[in-house]
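I have placed the structure first, in the form of structure tokens, so that the comments after it can refer back to it.
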Amino acid sequence: MEKGIRVATKVILLDDFDGYDGEDVAKRDFEIAGRKFTIDLGDDNFKKLHEVLEALAPYLDKAVEVKQAGRARKGAVEAGPRLHGYSNTDVREWAEAEGVEVSTRGKIADEVYEKFIAAHPDAKPGD
């Protein structure tokens with residue numbers, strides 16, 4: 001490059017929603033149910049986003065998060081029996097007597113609990 005020559009770079013942000021490229025497009029942060037998000041929006045679409053979030057807020061306040069069933073996180077400690085009135089030993093003994101495959105130690109598979117509950121109508125799922 002020769003001395004005295006300046007090079008400029010112009011960054012043009014596009015609205016992620018509709019592709020608008022006005023000067024008012026900026027990175028906009030927002031939060032829903034404790035999760036943070038960011039999006040490039042112009043003022044008009046940012047205003048619309050806030051209107052939608054305000055309309056959604058009363059529903060989120062009343063809603064309860066549903067956690068997806070699955071394997072426990074590595075290092076997580078099993079909380080103990082998942083049924084009130086029955087122990088894990090009761091579940092294992094029933095499963096063995098019924099020919100249902102069950103681990104001898106550690107976490108009992110969700111399917112085993114489901115079969116146990118189906119066979120024992122008085123079994124109450126734990127908290």
Side-chain angles (χ1 to χ4, degrees):
M1 217 191 273
E2 293 181 33
K3 278 188 173 180
I5 297 179
R6 293 184 182 192
V7 177
T9 301
K10 182 176 182 180
V11 176
I12 299 173
L13 291 177
L14 298 177
D15 187 302
D16 289 335
F17 191 70
D18 62 11
Y20 167 73
D21 67 353
E23 294 290 323
D24 60 328
V25 176
K27 211 166 257 322
R28 314 291 182 132
D29 297 334
F30 63 99
E31 189 174 315
I32 298 176
R35 294 180 60 198
K36 293 182 182 181
F37 299 87
T38 190
I39 189 170
D40 295 340
L41 293 176
D43 289 342
D44 288 343
N45 281 334
F46 190 51
K47 180 180 176 193
K48 289 176 187 175
L49 173 62
H50 270 284
E51 290 169 357
V52 169
L53 293 175
E54 286 176 8
L56 184 60
Y59 296 95
L60 290 174
D61 289 342
K62 301 276 184 191
V64 176
E65 182 178 1
V66 177
K67 305 246 180 188
Q68 189 165 354
R71 300 181 123 198
R73 290 181 291 113
K74 185 176 182 178
V77 177
E78 189 172 342
R82 294 180 37 192
L83 305 173
H84 291 294
Y86 291 94
S87 68
N88 284 342
T89 302
D90 295 330
V91 174
R92 284 190 171 90
E93 288 174 356
W94 171 86
E96 289 172 7
E98 294 296 314
V100 175
E101 190 173 320
V102 63
S103 62
T104 56
R105 296 181 354 154
K107 185 179 182 311
I108 296 174
D110 292 339
E111 296 80 23
V112 175
Y113 279 114
E114 290 168 8
K115 290 177 182 177
F116 183 85
I117 292 169
H120 297 84
D122 63 326
K124 296 180 276 180
D127 295 328

Are Leu56 and Leu49 joined in one hydrophobic group, where the rule is that I, L, V, M, F, W and Y side chains link up if heavy atoms are under 4.5 Å apart?
yes

Cluster question for you: counting only ILVMFWY and a side-chain heavy-atom cut-off of under 4.5 Å, with indirect links fine, are Ile39 and Leu13 together?
no

To the nearest 0.5 Å, what is the distance between [atom1] ([X]) and [atom2] ([Y])?
X: Glu98; Y: Glu93; atom1: CD; atom2: CD; answer: 12.5 Å
X: Arg35; Y: Ile32; atom1: CZ; atom2: CD1; answer: 8.5 Å
X: Leu41; Y: Phe30; atom1: CG; atom2: CZ; answer: 7.5 Å
X: Arg105; Y: Asn88; atom1: CZ; atom2: CG; answer: 13.5 Å

Does the side chain of Asp29 reach to within under 4.5 Å of the side chain of Lys36, using non-hydrogen atoms?
no

Quick one: name the residues clustered hydrophobically with Leu14, using the 4.5 Å side-chain heavy-atom rule over I, L, V, M, F, W, Y, and just say none if it's on its own.
Ile12

Side chain of Arg28, backbone of Phe46: donor and acceptor closer than 3.5 Å?
no

Can you give me every donor-acceptor pair (side chain of residues 16-25, partner residue at least two apart or in another chain, under 3.5 Å) with its distance?
{"from": "Asp16", "atom 1": "OD2", "to": "Asp40", "atom 2": "N", "distance (Å)": "2.9"}
{"from": "Asp18", "atom 1": "OD1", "to": "Tyr20", "atom 2": "N", "distance (Å)": "3.0"}
{"from": "Asp18", "atom 1": "OD2", "to": "Asn45", "atom 2": "ND2", "distance (Å)": "3.1"}
{"from": "Tyr20", "atom 1": "OH", "to": "Asp24", "atom 2": "OD1", "distance (Å)": "2.9"}
{"from": "Asp24", "atom 1": "OD2", "to": "Asp43", "atom 2": "N", "distance (Å)": "2.8"}

Taking CD in Glu101 as the centre, count heavy atoms belonging to other residues, nucleotides or ligands within less than 6.0 Å. Is the count above 12?
no

Is it the case that atom CZ in Phe37 sees more than 12 heavy atoms from other parts of the structure closer than 6.0 Å?
yes

What is the ring orientation for Phe116 with His120, classed by angle as parallel under 30°, tilted 30 to 60°, or perpendicular over 60°?
parallel

The test is side-chain contact (heavy atoms from CB on, under 4.5 Å); show your working for Val112 and Val91 and say whether it passes.
CA-CA 8 Å; Val112 175; Val91 174; 3.8 Å; yes

